[in-house]
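Any value given below was found using the heavy atoms of this structure, including those in side chains, with hydrogens, waters and symmetry copies removed.
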Amino acid sequence: MSNPKKYPTNGERLRDQALKDAGRNRTQAAVLRAEKGIRQLLKDGGAISFSSVSRAAGVSTKFLHQNEDLAARIRHLAAQQKGAPRAQT
């Protein structure tokens, strides 16, 4: 006798969807924290780098590198800072 294929129950589908939603919400919250960290660094005149944004936002540098939009923004801002003279404080 063959083993019949087990189809997910409604409860399992709901659990799976809840887990996906929670992961998506966690990612969105991390993106918002990263964006806030970038804005704060710019406001304070801090250097923009993956490390500085990671520290300011409480997210990992791996997360920043894996998010294409954030990574592109950080690279762009860092390049702009390298080309611009620093203000003396």
Decide side-chain contact (heavy atoms from CB on, under 4.5 Å) for K20 and N25; before the verdict, give the C-alpha distance in whole Å, the side-chain angles of both, and the deciding distance to 0.1 Å. CA-CA 9 Å; K20 287 178 187 176; N25 291 341; over 6 Å; no
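- Across I48 and Q81, no two heavy atoms sit closer than the pair N-OE1, 2.7 Å.
- For S60, the side chain to side chain donor-acceptor pair (under 3.5 Å) test picks out no residue, with sequence neighbours left out.
- Under the side chain to side chain donor-acceptor pair (under 3.5 Å) criterion, D44 pairs with Q40, sequence neighbours left out.
- Although no hydrogens or angles enter the test, the distance criterion places a donor-acceptor pair under 3.5 Å between the side chain of S54 and the main chain of V59.
- Not counting sequence neighbours, the partners of N10 by the side chain to side chain contact (heavy atoms under 4.5 Å, CB included) test are R13, L14.
- The ring-ring contact (aromatic ring centres under 6.0 Å, His included) pairs that include a residue from residues 15-58 are F50-H65, where partners are two or more places apart or lie in different chains.
- Checked against side chain to side chain donor-acceptor pair (under 3.5 Å), S49 has the following partners two or more places apart in sequence or in another chain: S52.
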Solution key, residues 26-35 side-chain donor-acceptor pairs under 3.5 Å, sequence neighbours excluded:
residue : atom : partner : partner atom : Å
T27     : OG1  : G23     : O            : 3.0
R33     : NE   : A57     : O            : 3.2

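- Residues passing the salt bridge (charged side-chain N to carboxylate O under 4.0 Å, His left out) test with E12, sequence neighbours excluded: K6.
- With sequence neighbours excluded, no residue forms a ring pair (Phe, Tyr, Trp, His ring centres under 6.0 Å) with H76.
- Within the structure, ring-ring contact (aromatic ring centres under 6.0 Å, His included) contacts touching residues 8-49 (residues at least two apart or in different chains) do not occur.
- Distance check: L64 CG to R75 CZ gives 10.0 Å after rounding to the nearest 0.5 Å.
- The distance from the CZ atom of R73 to the CG atom of N67 is 11.5 Å, given to the nearest 0.5 Å.
- The side chain to side chain donor-acceptor pair (under 3.5 Å) check on E68 picks up nothing, with sequence neighbours excluded.
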